[in-house]
Amino acid sequence: MNKKSLLITSGLVILIIWWVASTVAPATRSSIEKLEPLAIQLNSVLAPEGSDEKCLENGCPKIAYVMGNNALTILSKDGWSLTSDPDAATLIWCRKHRGTRHKRRRQIINQIPSPLPIGDKAFLSRHVRVYDGVMNTTEGWMPETIILTTMDEMRWISSFSKRPEAKGIWIIKKTSQSMGRGIIIVDNLQTWVRTEKYSQIAMEVSTGDRYVCQRYIENPLLLEKRKSELRLYWTIASLEPLIVAVHTEGQVRLNSEEYEKGDYANPRKHLTNAHQQEQHPDFQNMMASGELKWTFKKWRQYLQSTGVANATINNAFTSMKLALVRAVNATKTHLISKANTVGMFEMFGADFILTNDLSVYLTEIQQGPGLSSTDPVKGKVIQSAVSGAASMAYDIMTRRQQKTPIGEIQAPQGYEIIINEAVVPNFYLSRDPP
């Protein structure tokens, strides 16, 4: 092929590439965007010029770009107009963390940049240990926890298992798993460290997986002879200033079988997780009759009927709120590790096991709690919790733009503000929730 022919051929190839890029590629990209708009569009969002002035004058319109059908249903009922264009949205609601970007001056997004310090069981336990040491906190508010994230820690638990204080029941969880999957309960730690399961976990830890080993609460509060846990929903409405609110209504989850010591391989007796209870042969009927999910009101009435004083129940709720204050304070320097967190908020779940004398233990904080409305108890709570979380973040954004005091924010219906560092800087344990 001579030089002239080569040039002509090259030119034709370039023309074909240009035609594909300008016709086929946009059509393909459009199809992908319809299937998964968030992943493609959000990472390149830039704030247009002049858009903030209108918000300063009139307040930004309540327009939401929503990922996920459950959140979409909830927010549309709450008066948010929906858009398929994230650039036009005031609120961006994501299903999962995707490292997305937003226009910090006139947009809010339901993702804080670094949730793992509080949402990962191992990281939270490590930060709490440091925090309790600094604050000289001796009272238990989380179960005794052994962190298993390095081979040194795996060897340490093997040595620890020989001590007298290692006796008792322990529950072992993989930090990356949820819904009760992969949990094992052991009644003899010294025997367990010689098993194949210990070796398997050690192998996983050596490749980067993380586990925690928590002391099992052997005297749990029983409701109709069954083990239970309380789920609270709470929101970090702002990181700077730090504003945290807890939803005052949650759900009480009951196991499907009566509690008894022993038979620890039976999750329907020992794991207070809805997914694990689904294995019960009569699960659907039990859910329909309300046996497995209670409101806080029903929980309170049941306790009162057994002779528990109302003041004791109120103290348990106060202890749960203080546990969240401690968890946030233990991790806040890690949560606020990015340069700019304006407009970022996030809703979490928190699970509590209570003992038979109503002592409170925070067992887990769940990042990205499920928003499905599979039962009436959860459905009502989730609608209010999501709506309130978005409302608080929107109020803070509006106050920031209009230069009105952020500290004067009022909790939306169903929420109670437990940390407001715009009013009380360095909100620590010595203070009761406002």
Side-chain angles (χ1 to χ4, degrees), residues 120-122 124-125 128 140-149 153-205 209-231 252-281 283 292 349-356 359-366:
D120 180 277
K121 302 175 187 71
L124 175 61
S125 298
V128 163
W141 58 284
M142 288 184 68
E144 180 183 355
T145 302
I146 300 169
I147 303 165
L148 303 175
T149 58
E153 289 166 344
M154 293 300 300
R155 286 187 284 269
W156 184 90
I157 196 174
S158 180
S159 175
F160 170 77
S161 69
K162 303 180 179 69
R163 302 180 190 175
E165 58 266 35
K167 291 182 179 179
I169 315 300
W170 296 83
I171 183 167
I172 299 164
K173 310 173 185 178
K174 190 173 185 177
T175 67
S176 61
Q177 290 189 324
S178 59
M179 299 190 292
R181 292 174 296 196
I183 290 179
I184 58 174
I185 300 175
V186 297
D187 58 3
N188 189 315
L189 208 55
Q190 189 171 5
T191 300
W192 176 75
V193 298
R194 297 194 295 268
T195 64
E196 183 179 342
K197 188 62 178 177
Y198 168 84
S199 301
Q200 177 188 333
I201 290 177
M203 179 66 70
E204 292 179 26
V205 167
D209 286 334
R210 300 185 299 277
Y211 281 81
V212 292
C213 177
Q214 289 185 327
R215 189 173 290 280
Y216 184 76
I217 297 169
E218 298 185 52
N219 59 332
L221 173 68
L222 300 183
L223 305 176
E224 298 180 345
K225 300 182 180 180
R226 291 173 288 154
K227 188 177 176 183
S228 61
E229 75 173 0
L230 272 67
R231 159 61 65 89
V252 183
R253 302 191 288 215
L254 288 76
N255 283 7
S256 54
E257 295 185 15
E258 292 183 2
Y259 175 80
E260 64 174 331
K261 292 186 177 181
D263 194 16
Y264 293 113
N266 185 343
R268 297 187 296 274
K269 294 180 180 179
H270 295 284
L271 299 185
T272 48
N273 180 276
H275 180 73
Q276 296 299 318
Q277 304 311 313
E278 290 176 4
Q279 313 309 315
H280 192 282
F283 172 77
L292 301 182
D351 295 334
F352 295 89
I353 296 285
L354 276 64
T355 62
N356 52 18
S359 297
V360 171
Y361 289 92
L362 172 64
T363 58
E364 182 177 350
I365 287 177
Q366 187 184 36

With side-chain contact (heavy atoms from CB on, under 4.5 Å) as the criterion, how do T355 and L221 come out once you've worked through the C-alpha distance, each side chain's angles and the decisive distance to 0.1 Å? CA-CA 5 Å; T355 62; L221 173 68; over 6 Å; no
Given the rule in the side-chain contact (heavy atoms from CB on, under 4.5 Å) test, do I172 and I201 qualify, once you have shown the distances and angles that lead to the verdict? CA-CA 10 Å; I172 299 164; I201 290 177; 4.1 Å; yes
Derivation of the side-chain contact (heavy atoms from CB on, under 4.5 Å) call for V360 and W141: CA-CA 6 Å; V360 171; W141 58 284; over 6 Å; no
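Residues I183 and I171 meet the side-chain proximity criterion, which asks for heavy atoms closer than 4.5 Å. Considering only heavy atoms from C-beta on, L222 stays 4.5 Å or farther from S228 through its side chain. In this structure, the side chains of E229 and N273 stay at 4.5 Å or more apart for every pair of heavy atoms. Between Q366 and R231, some side-chain heavy-atom pair lies under the 4.5 Å cut-off. Contact annotation: the side chain of F160 approaches that of L189 to within less than 4.5 Å [non-hydrogen atoms, C-beta and beyond]. Counting only heavy atoms from C-beta outward, the side chains of L124 and M142 approach each other to under 4.5 Å. F283 places a side-chain heavy atom less than 4.5 Å from the side chain of Q277. When side chains are defined from C-beta on, E218 counts as touching K261, because their heavy atoms get closer than 4.5 Å.
Atom NE2 of H280 is separated from atom CD of E278 by 13.0 Å, given to the nearest 0.5 angstrom. Here CD1 of I146 is found 9.0 Å from OG of S161. Values are rounded to the nearest 0.5 Å. Annotation: the span from R215 atom CZ to W170 atom CH2 amounts to 4.0 Å, rounded to 0.5 Å. Going from atom CG of N255 over to atom OG1 of T272 covers 6.0 Å, rounded to the nearest 0.5 Å. Atoms CD and SG, on E144 and C213 in that order, are 9.0 Å from each other to the nearest 0.5 Å. Taken from CG in L254 to NZ in K227, the straight-line distance is 12.0 Å, to the nearest 0.5 Å.
Nearest heavy atom pair, residue V205 against residue T149, reads CG1-C, 3.4 Å. Counting all heavy atoms, side chain and backbone alike, L362 lies closest to A350 at CD1-CB, 4.1 Å. Shown here for V212 and S125, the closest heavy-atom pair between the two residues is CG1-OG, 4.5 Å. Across all non-hydrogen atoms, the minimal contact from T363 to Q214 is O-NE2, 3.8 Å. Among all heavy-atom pairs drawn from V193 and Q190, the shortest one is CG2-O, 3.2 Å. Nearest heavy-atom pair, T191 versus N188, reported as atom, atom and distance to 0.1 Å: N-OD1, 2.9 Å.
In this structure, E258 does not pair ionically with K269, as no charged nitrogen and carboxylate oxygen lie closer than 4.0 Å. One finds a salt bridge joining D351 and R253 here, because a Lys/Arg side-chain nitrogen approaches an Asp/Glu carboxylate oxygen to under 4.0 Å. A salt bridge links K121 with E364: the closest approach of a Lys/Arg side-chain nitrogen to an acidic carboxylate oxygen falls below 4.0 angstrom.
A ring-centre distance under 6.0 Å is found for W192 and Y198.
A donor atom on one side chain and an acceptor atom on the other are found under 3.5 Å apart for Q200 and E204.
Around the CD atom of E224, the shell of radius 6.0 Å holds more than 12 heavy atoms that belong to other residues, nucleotides or ligands.
Note on ring orientation: taking the six-membered ring where Trp is involved, the planes of Y264 and H270 are tilted (angle from 30° to 60°).
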